[in-house]
Amino acid sequence: MAGHSKWAQIKRSKAANDQKRGQLFSRLGREITVAAKMGGGDPNLNPRLRTAIATAKKDAMPNDNIERAIKKGTGELQGEAYEELIYEGYGPAGVAILLETATDNKNRTGSDVRHAFNKYGGNMATSNAVAWMFHRKGYIAVPLDASTEDDIMEAGLDAGLEDITTGDEFFEIVTPYDKLNEVDDALRAAGIESQEAKLTYIPENQQAITDANTAGQVMRLVMALDDLDDVQAVHANFDMSPELMEAAVS
């Protein structure tokens, strides 16, 4: 799991420039719009929307952008008709990759995804070729200086906390997918503020990457996929040290 928080940190660094920040806000806005369309515009009655709004606020998305995205989803404002699609494939060294997308043109998205896989040494796969290797979970990252593992366990266990690991910079918490908000709320009530709380896919088993050349190949593919406009999230089962990952993307 430590690689998860390192990859998240790298993506935040990438989003520091205006172009990447605009892409991040577009991605967050699509998730809010889709969530509002599926479950309504009231976050108190729509857990997915509540999570999407919380994630957007943690990434400093302006409130006006959030409100517009909600209204597009509820039909109060005109907006694109997004379709959610999952793409699957393999990267170098047999790394399994699962992509979440939200698109208004699935032919464009499929072509872009296939091109990225082919260009960076991967292969697209058929439906459920790798999806069975991943489990839908809630994920929460708490900075190490914000609490202790014992306090997090005490605050979150009754709410549904499933697992916790200690990374280089964060406590990484796993919850059942339908208990994410409850655990995050329980932590907040105990004075423990998370830096990130989201739904994700966590691999059942991980593929160890220890070679710098292979790490570079894997990260180039993952970053190329993550940069595609229609891709909402990239999930992969590689396991590499934060130092190796940092060197691979530098």
Side-chain angles (χ1 to χ4, degrees), residues 1-17 20 24 27 55 58-59 88-100 116-117 119-123 125 130-150 152-153 156 161-175 180 192 194-228 231-250:
M1 285 296 293
H4 192 123
S5 61
K6 186 60 181 178
W7 173 229
Q9 181 185 358
I10 289 170
K11 288 197 288 184
R12 288 191 200 98
S13 298
K14 289 171 60 187
N17 66 68
K20 292 296 182 183
L24 172 64
R27 184 172 292 177
T55 299
K58 288 179 188 294
D59 283 313
E88 304 172 44
Y90 293 96
V95 168
I97 298 174
L98 183 72
L99 306 178
E100 294 181 86
F117 268 110
K119 182 176 180 180
Y120 292 97
N123 294 285
V130 304
W132 64 270
M133 304 181 193
F134 294 82
H135 301 288
R136 191 65 161 162
K137 296 288 184 179
Y139 171 83
I140 301 172
V142 174
L144 293 181
D145 60 2
S147 187
T148 67
E149 183 172 331
D150 287 344
I152 291 172
M153 289 287 288
L161 185 151
E162 196 171 275
D163 190 25
I164 180 172
T165 57
T166 302
D168 290 341
E169 299 178 60
F170 299 95
F171 295 108
E172 299 188 80
I173 300 155
V174 176
T175 78
L180 172 65
I192 303 168
S194 64
Q195 181 163 319
E196 184 176 21
K198 64 181 182 180
L199 292 173
T200 189
Y201 285 92
I202 294 177
E204 184 172 324
N205 296 298
Q206 294 187 308
Q207 177 72 26
I209 304 294
T210 58
D211 173 71
N213 183 58
T214 304
Q217 293 174 347
V218 170
M219 293 309 302
R220 281 191 290 273
L221 172 58
V222 169
M223 292 175 69
L225 291 168
D226 191 66
D227 279 342
L228 296 178
V231 170
Q232 291 292 95
V234 180
H235 311 283
N237 73 339
F238 64 82
D239 178 24
M240 65 179 75
S241 68
E243 294 78 15
L244 194 59
M245 189 184 302
E246 187 73 47
V249 300
S250 61

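Start at 1 with the first residue, then count along the sequence.
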Enquirer: When you measure from the side chain of Glu100 to the backbone N and O of Ala233, does any donor-acceptor pair fall under 3.5 Å?
Expert: no
Enquirer: Out of curiosity, Ser194 OG to Tyr139 OH, how far, rounded to the nearest 0.5 Å?
Expert: 10.5 Å
Enquirer: Between Glu196 (side chain only) and Ala141 (backbone N and O only), is there a donor and an acceptor less than 3.5 Å apart?
Expert: no
Enquirer: Show your working on side-chain contact (heavy atoms from CB on, under 4.5 Å) between Asn205 and Met133 and close with a plain yes or no.
Expert: CA-CA 7 Å; Asn205 296 298; Met133 304 181 193; over 6 Å; no
Enquirer: Are any side-chain N or O atoms of Asp163 and backbone N or O atoms of Val174, one a donor and one an acceptor, separated by less than 3.5 Å?
Expert: no
Enquirer: Mind listing the closest non-hydrogen atom pair of Asn237 and Ala96 along with its distance?
Expert: OD1-N, 2.8 Å
Enquirer: Kindly determine whether Ile97 and Leu221 satisfy side-chain contact (heavy atoms from CB on, under 4.5 Å), including the steps that lead there.
Expert: CA-CA 10 Å; Ile97 298 174; Leu221 172 58; 3.6 Å; yes
Enquirer: Apply side-chain contact (heavy atoms from CB on, under 4.5 Å) to the pair Tyr201 and His135, showing each step before the final yes or no.
Expert: CA-CA 5 Å; Tyr201 285 92; His135 301 288; over 6 Å; no
Enquirer: List the atom of Thr55, the atom of Ala197, and the distance in Å for their closest heavy-atom pair.
Expert: OG1-O, 3.1 Å
Enquirer: Set out, in order, the CA-CA distance, both residues' side-chain angles and the distance that settles side-chain contact (heavy atoms from CB on, under 4.5 Å) for Leu99 and Phe117, then state yes or no.
Expert: CA-CA 12 Å; Leu99 306 178; Phe117 268 110; 4.2 Å; yes
Enquirer: On a heavy-atom basis, which atom in Ala215 and which in Leu244 lie closest, and how many Å separate them?
Expert: CB-CG, 3.7 Å
Enquirer: Looking only at atom types and distance, does a side-chain atom of Gln217 sit under 3.5 Å from a main-chain N or O of Tyr120, one as donor and one as acceptor?
Expert: no
Enquirer: For residues Ala93 and Ile209, report the shortest heavy-atom separation together with the two atoms involved.
Expert: CB-CD1, 3.9 Å
Enquirer: Nearest 0.5 Å please: distance from the CZ atom of Phe171 over to the OG1 atom of Thr165.
Expert: 10.0 Å
Enquirer: Hey, what do you get for CG (Leu180) to CD (Glu162), rounding to the nearest 0.5 Å?
Expert: 12.0 Å
Enquirer: Could you tell me the separation between the CD1 atom of Ile173 and the CD1 atom of Ile192, rounded to the nearest 0.5 Å?
Expert: 7.5 Å
Enquirer: Starting at CD1 of Ile164, measure out to OG1 of Thr175 and round the result to the nearest 0.5 Å.
Expert: 12.0 Å
Enquirer: Quick one: CG on Asp226 to CD on Gln232, what's the gap to the nearest 0.5 Å?
Expert: 10.0 Å
Enquirer: Can you name the nearest heavy-atom pair linking Glu88 to Ala131, along with the distance?
Expert: OE1-N, 2.9 Å
Enquirer: Check this for me: does any side-chain nitrogen of one of Glu172 and Lys137 sit under 4.0 Å from a carboxylate oxygen of the other?
Expert: no
Enquirer: Please find the pair of heavy atoms, one from Leu199 and one from Gly138, that lie closest to each other, and give the distance.
Expert: CD2-CA, 4.2 Å
Enquirer: I'd like to know if the side chain of Thr210 reaches the main chain of Met240, judged simply by a donor and an acceptor atom lying under 3.5 Å from each other, with no hydrogens or angles considered.
Expert: no
